[in-house]
Amino acid sequence: MAHTMKHIDHDSLYTDLEYRFNHVSEFIGFTSEDQELIRKSGSVVAGLVPTIVDAVYDKLFQYDITWAHFSQDQDGLKVEDAQHNLQQVTMGSEVITFRKTMLTKYLKKLVTAEWNLSYLKYLDWVGHIHTTTPLKKSTINVEYIHCNALLGYVSSVVVGALQKATEWDDDTRDKIVNAYNKFFWVQNDLFSRYYVKERVLSDKEKAAVAREQEEQENAMRRQLRGESMLNALVGVAAGLAIGAVCSKYLG
């Protein structure tokens with residue numbers, strides 16, 4: 001039987017996000033079944049998110065070189081002047097609360113999102129936002145060595161927690177753990193594409209990529225603003241409801 005070799009367009013790997021994702025996923029073996037298994041784990045992972053987030057920031061706090069990034073203005077948050085001093089940034093600082101919230105949203109999206117182009121652009125944005133780019137409000141640049149190490153640590157924390165879960169039979173748990181392991185390699189590729197320069201783009205390609213990234217950045221900011229407004233409205237509604245109850249029984 002003749003061997004059939006699939007052709008992969010080299011240039012498309014660097015200019016077409018969806019094409020790149022499909023190739024890397026196919027190579028790794030990250031399938032729609034894996035995506036469904038991740039969603040299936042949502043009820044369990046949701047309860048683990050606070051523990052996972054705390055573990056990640058405890059790890060970052062162990063090293064000055066990783067903690068130093070939080071003494072700089074973030075995309076979406078201006079750090080207080082006093083906290084530009086590394087020694088003034090504590091677990092209780094506003095910037096850490098902000099970053100923990102972002103990681104919490106990331107993990108919750110992972111187990112609830114539909115795997116479509118919109119979500120893929122979000123995962124790509126997560127990688128892109130850590131680099132220096134004129135599209136960002138901040139100039140923070142997290143070197144790839146730290147992103148790679150952090151993704152490896154997040155993966156180990158998540159997988160370690162899942163391996164202890166008793167909600168599934170052994171076969172299902174093994175498949176879910178394997179799905180997460182493959183996912184983090186896919187996410188790592190969406191970080192590395194902004195750090196590892198394997199190909200020089202033409203001016204036309206650079207312009208096309210820049211337009212796509214700008215649209216992506218704007219979409220993410222609109223989404224984050226929408227989530228913040230929704231949370232604020234929920235808080236106001238809850239306050240009004242509590243006030244009405246208090247007025248009824250205490251007035």
Side-chain angles (χ1 to χ4, degrees), residues 6 13 16-60 97-130 147-193 216 219-220 222-224 226-228 230-231 234:
K6 182 176 181 178
L13 292 174
D16 187 326
L17 172 62
E18 193 169 16
Y19 189 90
R20 182 185 182 110
F21 167 78
N22 288 338
H23 171 62
V24 172
S25 295
E26 182 179 297
F27 196 103
I28 292 174
F30 183 62
T31 66
S32 57
E33 180 184 356
D34 292 312
Q35 295 162 12
E36 183 58 36
L37 284 166
I38 289 175
R39 277 193 293 268
K40 184 177 181 179
S41 73
S43 59
V44 174
V45 172
L48 298 172
V49 166
T51 301
I52 294 170
V53 170
D54 285 345
V56 167
Y57 278 84
D58 285 344
K59 174 61 72 172
L60 292 169
T97 300
F98 174 76
R99 297 312 313 175
K100 281 188 172 185
T101 299
M102 297 298 287
L103 179 55
T104 297
K105 288 180 178 180
Y106 171 82
L107 293 171
K108 288 183 176 179
K109 279 181 182 289
L110 173 57
V111 297
T112 58
E114 292 296 324
W115 280 83
N116 52 31
L117 184 57
S118 176
Y119 182 56
L120 179 56
K121 287 182 176 181
Y122 168 74
L123 294 178
D124 187 61
W125 173 79
V126 170
H128 184 218
I129 204 68
H130 288 80
C147 294
N148 182 55
L150 180 60
L151 277 171
Y153 182 72
V154 172
S155 176
S156 70
V157 171
V158 172
V159 167
L162 290 172
Q163 286 175 328
K164 296 175 183 176
T166 58
E167 287 80 357
W168 313 296
D169 58 60
D170 291 347
D171 183 57
T172 300
R173 183 172 57 250
D174 288 346
K175 288 180 178 178
I176 289 174
V177 165
N178 195 32
Y180 272 89
N181 183 49
K182 287 185 280 189
F183 163 76
F184 281 112
W185 278 106
V186 170
Q187 177 67 89
N188 192 28
D189 178 66
L190 297 179
F191 270 80
S192 69
R193 74 188 294 244
Q216 188 174 312
M220 288 303 109
R222 286 194 298 271
Q223 181 178 334
L224 291 174
E227 290 174 353
S228 297
L230 178 60
N231 290 336
V234 169

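Basis for what follows: all heavy atoms, side chains included, without hydrogens, waters or symmetry-related copies.
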Fill in: Atom of V111, atom of S41 and distance for their closest heavy-atom approach
CG1-OG, 4.1 Å
Discussion item. For W115, is the CH2 atom crowded, meaning more than 12 foreign heavy atoms sit under 6.0 Å from it?
Written reply: yes
Worksheet item: Judged by atom type as modelled, is there a donor-acceptor pair below 3.5 Å linking the side chain of N188 to the main-chain atoms of F184?
Response: no
Worksheet item: For the atom pair CG (L190) and CZ (R20), what is the distance rounded to the nearest 0.5 Å?
Response: 7.0 Å
Worksheet item: Hey, which of K175, R39, K40, K182 is the one that makes salt bridge (charged side-chain N to carboxylate O under 4.0 Å, His left out) with D34?
Response: K182
Item to complete: Of all the heavy-atom pairs spanning L123 and Q187, show the shortest one and how long it is.
Response: O-NE2, 3.1 Å
Practice prompt. Mark yes or no for whether D189, through its side chain, and V186, through its backbone, hold a donor-acceptor pair below 3.5 Å.
Written response: no
Worksheet item: Counting distance only, does the side-chain N/O of S155 pair as donor-acceptor with the main-chain N or O of L151 below 3.5 Å?
Response: no
Item to complete: Give the C-alpha distance, both sets of side-chain angles, the deciding distance and a yes or no for side-chain contact (heavy atoms from CB on, under 4.5 Å) between W168 and V177.
Response: CA-CA 11 Å; W168 313 296; V177 165; over 6 Å; no
Worksheet item: In Å and rounded to the nearest 0.5 Å, what is the CG to OG1 distance from D58 to T51?
Response: 10.5 Å
Worksheet item: Considering all heavy atoms of both residues, which atom of I38 and which atom of L110 are nearest to each other, and what is their separation?
Response: CG2-O, 3.4 Å
Discussion item. Check this for me: Y153, atom OH, are more than 12 non-hydrogen atoms of other residues, nucleotides or ligands nearer than 6.0 Å?
Written reply: yes
Worksheet item: Should V53 and T101 count as side-chain neighbours, where that means a heavy-atom distance under 4.5 Å?
Response: no
Practice prompt. Start with the C-alpha distance between V158 and I52, add both sets of side-chain angles, then the distance that settles side-chain contact (heavy atoms from CB on, under 4.5 Å), and finish with yes or no.
Written response: CA-CA 7 Å; V158 172; I52 294 170; 3.9 Å; yes
Item to complete: Would you please say whether a donor-acceptor pair under 3.5 Å links the side chains of Q35 and Y119?
Response: no
Worksheet item: Between D54 and K100, is any pair of side-chain heavy atoms under 4.5 Å apart?
Response: yes
Worksheet item: Can you tell me how far CG of N181 sits from CD1 of I176, rounded to the nearest 0.5 angstrom?
Response: 14.0 Å
Worksheet item: Is it true that D170 and R173 make a salt bridge, defined as a side-chain N closer than 4.0 Å to a carboxylate O?
Response: yes
Practice prompt. Could you label the plane-to-plane angle of the F30 and F21 rings as parallel, tilted or perpendicular, counting under 30° as parallel and over 60° as perpendicular?
Written response: perpendicular
